[in-house]
Amino acid sequence: MLNRYARGFFTALFTPLARLLLRWGVTPDAVTIAGTVGVAGGALVLYPLGQLFWGTVFITLFVFSDVIDGIMARMQGRGGRWGSFLDSTLDRVADGALFAGVAIWFFTGGGNAAIAIAALACLVLGMIVSYARAKAESLGFTANVGLAERAERLVSVLVVTGLTGLGLPEGFLLAVLVVLAAASLVTVYQRVRAVHRQSLEARPAS
């Protein structure tokens, strides 16, 4: 949902920057890689140090690379399978680092095992959500359904983690992570069901 409604706004916002980066000779792949390194670095360095607010600010600065690289690729007329593959693969790295960073802090200095376990559940289930769609598409099916799209997961955990660093009670973060984990589990079920239905429809009549 966020992808559909926000894409036009952010495309207009970041088009001038994308054009400037291309003028400087920066490639879309370089932006993709830099964005992933920034997100992973912020999540795995600042979060485990307990810097939840500033870690979120740092990560957010790099999250938008996921929009900018796509704009740049379209400007160059180079949007293709390689860019899509690289972007999707590094998205999984960034997502994993984000939830892992939260889990590390709350297993250690944060002292809240429930939040840490919920973050790990989000990490694992989020990966299964992405894998289910990728595997379905590799077999000729479609599985672009479900409650927990990547944008929703990312925005939710970043906003509430950052606010937790400013003093928001930790119970809010736990609640959001539990809801995200549940939504991811439902999404996995929805995608499995969708592919199962398509596989039955694709069977030749006996």
Side-chain angles (χ1 to χ4, degrees), residues 1-47 53-102 122-123 126-127 129-138 141-163 176 180 183-184 187 191:
M1 185 178 295
L2 285 176
N3 282 332
R4 292 193 296 269
Y5 291 107
R7 186 170 297 278
F9 170 76
F10 285 113
T11 296
L13 180 64
F14 289 114
T15 292
L17 176 58
R19 187 175 292 113
L20 179 63
L21 291 173
L22 288 173
R23 191 177 303 128
W24 286 348
V26 179
T27 66
D29 288 353
V31 172
T32 303
I33 294 169
T36 302
V37 170
V39 171
L44 296 176
V45 175
L46 294 176
Y47 277 179
F53 175 72
W54 290 113
T56 297
V57 171
F58 185 86
I59 291 166
T60 301
L61 293 176
F62 288 93
V63 161
F64 291 110
S65 66
D66 200 38
V67 178
I68 297 170
D69 59 5
I71 298 172
M72 293 170 67
R74 288 191 293 274
M75 285 180 171
Q76 288 187 322
R78 291 176 50 188
R81 290 184 295 178
W82 161 249
S84 177
F85 169 79
L86 180 66
D87 192 57
S88 295
T89 301
L90 295 186
D91 280 350
R92 306 291 82 76
V93 174
D95 293 357
L98 180 62
F99 287 107
V102 172
C122 288
L123 190 160
M127 295 300 173
V129 166
S130 299
Y131 175 79
R133 177 176 175 178
K135 184 62 177 180
E137 292 176 350
S138 75
F141 301 114
T142 59
N144 189 20
V145 296
L147 296 174
E149 294 290 342
R150 180 176 185 260
E152 282 86 346
R153 299 198 305 269
L154 197 63
V155 170
S156 298
V157 73
L158 282 174
V159 169
V160 181
T161 300
L163 292 177
V176 167
L180 286 178
S184 296
T187 299
R191 293 186 173 184

Between [X] and [Y], which heavy-atom pair has the shortest distance, and what is it?
X	Y	answer
M72	V26	CE-O, 3.3 Å
L158	T56	O-CG2, 3.2 Å
A73	P28	N-CG, 3.8 Å
L123	G96	CD1-O, 3.3 Å
C122	F99	CB-CE2, 3.5 Å
A100	L44	CB-CD2, 4.2 Å

Roughly how far apart are [X] [atom1] and [Y] [atom2], rounded to 0.5 Å?
X	Y	atom1	atom2	value
D69	T27	CG	OG1	10.0 Å
F53	T161	CZ	OG1	12.5 Å
L154	D91	CG	CG	8.5 Å
T15	R74	OG1	CZ	8.0 Å
S130	D95	OG	CG	6.5 Å
I71	L17	CD1	CG	8.5 Å

Going by distance alone, is a donor N or O of one side chain under 3.5 Å from an acceptor N or O of the other, for S184 and R153?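 R153 and S184 do not have a side-chain donor-acceptor pair below 3.5 Å.
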Short question: side chain of S138, backbone of K135 - any donor-acceptor pair under 3.5 Å?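 Checking the backbone N and O of K135 against the side chain of S138, a donor-acceptor pair under 3.5 Å is found.
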Strictly distance-based, threshold 3.5 Å: is any side-chain N or O of R133 a donor or acceptor partner for the main-chain N or O of V129? no
Passes side-chain contact (heavy atoms from CB on, under 4.5 Å), V176 versus V157? Steps please. CA-CA 7 Å; V176 167; V157 73; 5.6 Å; no
Do the side chains of L13 and F64 get nearer than 4.5 Å, heavy atoms only?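 No, side chains not in contact.
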Could you tell me if the side chain of D66 sits less than 4.5 Å from the side chain of D87, heavy atoms only?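 In short, these two side chains touch, coming nearer than 4.5 Å.
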Please determine whether side-chain contact (heavy atoms from CB on, under 4.5 Å) holds for the pair L98 and Y47, giving the CA-CA distance in whole Å, both sets of side-chain angles, and the decisive distance to 0.1 Å. CA-CA 9 Å; L98 180 62; Y47 277 179; 3.6 Å; yes
